[in-house]
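Here the structure is laid out as structure tokens; the discussion comes afterwards.
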Protein chains: 2
Amino acid sequence: MSTLDRPNPSAQNRRRPTIREVAALAGVSLKTVSRVVNGEPAVSAKVRSRVLAAVDRLGYRPNLTASSLRRADGKSATIGVVLEDVGNPFSSTLHRSIEDVAGERGVLVLAASSDEDASREREIVSAFTSRRVDGLIIIPASHDHSYLLSERQAGTAIVFVDRPPAFLDADTVLTDNDLGVRRGIRHLIGHGHRRIGYIGDLLSISTAVMRYQGYLDELAAAGIAVDESIVRLDCRGIASAETAATELLSSKRPPTALFTGQNLITIGGFRALRKLGLHNRVALIGFDDFLLADLLEPAITVIAQDPAAIGRAAAEVLFRRLDGDHAPSAHHIVPSRLIARGSGEIRP
Amino acid sequence: MSTLDRPNPSAQNRRRPTIREVAALAGVSLKTVSRVVNGEPAVSAKVRSRVLAAVDRLGYRPNLTASSLRRADGKSATIGVVLEDVGNPFSSTLHRSIEDVAGERGVLVLAASSDEDASREREIVSAFTSRRVDGLIIIPASHDHSYLLSERQAGTAIVFVDRPPAFLDADTVLTDNDLGVRRGIRHLIGHGHRRIGYIGDLLSISTAVMRYQGYLDELAAAGIAVDESIVRLDCRGIASAETAATELLSSKRPPTALFTGQNLITIGGFRALRKLGLHNRVALIGFDDFLLADLLEPAITVIAQDPAAIGRAAAEVLFRRLDGDHAPSAHHIVPSRLIARGSGEIRP
DNA sequence: TTGTAAGTTGACAACGTTGTCTGTTTGGCG
DNA sequence: CGCCAAACAGACAACGTTGTCAACTTACAA
């Protein structure tokens with residue numbers, strides 16, 4: 001057969017070499033190659049170098065899936081991360097810091113987006129466990145995590161971030177949502193505001209509920225009655241927040257300050273203020289920092305979360321579990337902080 | 001032994017059930033369970049439902065690593081993506097659109113960050129291939145990809161995005177970097193500018209070179225001589241770009257317009273303009289769009305790439321290869337477009 | 001010289017699954 | 001009733017690796 005018979009002769013020719021072929025070339029047994037590859041001690045220098053030469057010549061790469069199948073601990077050196085959306089800044093920053101901690105231990109990260117869909121969360125977890133990940137880090141979208149019980153019993157470590165799990169006792173790493181909001185509201189009150197509007201995220205997201213509760217609590221603590229006409233909950237995304245903010249600000253008795261409960265909602269709120277020309281008259285504090293918040297006009301005061309710290313903490317807890325820590329579930333709180341930049345310091 | 005002997009009785013008790021245990025419970029052979037699980041036809045309805053009941057009762061989840069080891073095609077239903085940084089907007093948007101295409105086919109995505117480090121790129125690829133990913137999508141950091149030859153010969157599909165590979169013939173999906181920059185420079189010239197400064201990214205990044213070349217070419221086409229005193233190359237990040245821009249703008253003969261060759265460089269350049277109070281006097285066009293560019297004062301005119309389209313195209317090419325397409329390497333160009341918002345329309 | 005321990009090496013089974021092949025049952029038809 | 005094809009079920013080997021255990025070599029002391 002001439003080479004012309006195969007249009008692309010370079011592709012898919014050579015199978016990947018196995019440990020068996022390396023052994024044959026080096027003139028030793030399978031097991032000896034395995035020992036060399038895994039750095040086990042009981043191999044003479046002479047044999048070792050012969051094996052390494054064969055490894056090199058064949059371009060042998062160990063097959064980790066076969067290895068983890070056989071290994072006593074069954075570890076795959078892979079963890080799975082369920083994010084809200086791998087493309088959004090909060091999730092991807094979290095992802096990055098998890099990757100950093102995992103990378104130090106030679107562990108790889110599978111990541112997928114639930115898009116706030118409970119059934120998607122389960123599908124992703126199922127795909128992860130089919131591949132026998134050693135651990136899971138989850139931003140929950142579902143509201144019942146009892147389905148994870150069997151996974152944990154099988155030895156998979158599980159850590160929840162950003163939001164607590166439901167019907168499952170597990171490690172968590174959360175932001176101090178309620179306290180953060182209260183600090184922001186207190187800041188506004190301290191600058192003389194009494195009519196403070198609130199725009200919040202989907203109420204199916206537990207942090208959205210916690211944040212709104214912080215708003216209610218701080219108003220109550222200050223003896224200010226809640227006026228539901230300047231509250232909009234269950235918003236999603238920039239456009240819907242912009243609409244909500246426009247409504248509040250155009251009402252008969254508009255708020256003198258606005259607290260927005262999430263990233264995109266803050267941007268939507270800011271857009272509305274700009275469009276109405278109120279951006280230097282109505283105060284704005286948003287939950288969650290975002291790139292360029294300091295370059296807007298006015299610069300936006302925010303309650304900043306620290307997604308990198310959350311991710312790092314979550315990964316550290318996870319690996320501690322994988323190292324055999326069996327202590328009762330721990331609940332970490334990563335503090336948020338107020339960054340005053342201008343928009344939150346406007347007086348009524 | 002009393003339960004008190006084990007402090008955490010819920011953890012790590014039950015091993016994961018195997019196909020063998022399902023078979024025993026259902027009273028059939030291994031192979032029959034395998035057939036049911038994989039939806040093969042030759043199983044009677046009665047046996048099938050008996051097996052499914054057993055699967056359900058034991059909470060059996062197939063072990064994909066064992067399965068892919070044995071399977072004829074050896075596919076792991078997993079692909080690896082080497083990004084610059086999973087946390088940056090360009091990379092994570094790319095990641096997300098790849099995930100979407102992969103998800104439709106039940107394929108999971110491993111992602112890792114090279115941080116522009118060639119050796120890190122190789123380590124990541126090695127970790128991916130050890131896990132026998134079916135395909136690789138790579139934003140290259142290294143400048144020699146011949147090491148991937150053996151992977152491809154072993155049947156791994158490989159697609160390069162954002163930048164071309166070196167010393168390896170492979171599919172690519174790129175932005176029209178040079179044309180995009182030329183369009184931007186032409187836009188500035190059209191608004192009366194003759195002194196256009198340029199601030200570029202690390203020259204080790206091939207797209208940075210291509211973009212700078214676009215700048216040179218368009219100036220040449222317009223008959224404008226290049227003045228190297230208003231060009232700064234090899235910048236990295238916001239701070240270094242801000243310094244560079246400040247230098248250019250404070251020089252004896254400052255530019256009347258600035259072209260910035262990357263995301264963060266644009267932000268750095270904008271910061272410098274703001275600090276010097278020149279943001280409404282000196283024009284600015286940046287390569288790469290970013291969130292909120294439209295809300296700045298002035299809003300930033302950009303040459304926008306389409307990372308989601310790039311990711312989608314790359315994933316589609318990859319899966320076409322995995323489906324057996326052996327045609328010669330294809331090179332896709334995803335066009336950029338100019339979004340005029342104000343900063344690029346300032347006249348000298 | 002022999003015995004013994006330490007240091008090396010290899011044969012074999014097993015991890016959980018699927019491909020192949022063979023054997024058994026069922027149903028329809030003459 | 002007998003035959004045959006089609007439908008169904010199972011035994012066994014194999015995927016690439018590591019754990020176990022036994023066997024071989026060497027070096028050194030008795």
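In what follows, chains are A, B, ... by sequence order, proteins preceding strands, each numbered from 1.
The aromatic rings of B/Phe160 and B/His145 sit perpendicular, their planes meeting at an angle over 60°, well past the 30° parallel limit.
For A/Gly74 against A/Asp134, the heavy-atom pair with the smallest separation is O-OD1, 4.4 Å.
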Q: Go through the steps to decide whether B/Leu64 and A/Arg132 satisfy the test side chain to side chain contact (heavy atoms under 4.5 Å, CB included), and finish with yes or no.
A: CA-CA 8 Å; B/Leu64 206 69; A/Arg132 297 299 186 263; over 6 Å; no
Q: Carefully, step by step, assess A/Arg131 and B/Ser68 under the rule side-chain hydrogen bond (donor to acceptor under 3.5 Å, both in side chains).
A: CA-CA 10 Å; A/Arg131 287 164 182 78; B/Ser68 88; over 6 Å; no
Q | Candidate pair A/Ile79 and A/Ile98, rule side chain to side chain contact (heavy atoms under 4.5 Å, CB included), full reasoning | A | CA-CA 10 Å; A/Ile79 62 172; A/Ile98 292 169; 3.9 Å; yes
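Put simply, the side chain of B/Asp115 never gets that close to the backbone of B/Asp117: no donor and acceptor are under 3.5 Å apart. For A/Arg61 (side chain) and B/Glu151 (main-chain N/O), no donor-acceptor pair under 3.5 Å exists by modelled atom type. Under the 3.5 Å distance criterion, the side-chain polar atoms of B/Ser146 are left unmatched by any main-chain donor or acceptor of B/Phe167.
Checking the phosphate oxygens (OP1, OP2) of D/dA9, no side-chain nitrogen or oxygen of B/Thr32 falls inside 4.0 Å.
When the C1' atom of D/dA7 is taken as reference, atom CZ of B/Arg48 falls 13 Å away, rounded to whole Å. Per the geometry, NZ belonging to A/Lys46 stands 14 Å off C1' belonging to C/dT9, to the nearest Å.
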Q) How does protein contact run along nucleotides 15-22 of chain C, one letter per nucleotide 5' to 3', with B for base contact, S for sugar-phosphate only, - for none, heavy atoms under 4.0 Å? A) BBBBBB--
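For the helix from C/dT1-D/dA30 to C/dG30-D/dC1, the end axes, each set by the C1' atoms of five terminal pairs, are bent relative to each other by 60° (nearest 10°).
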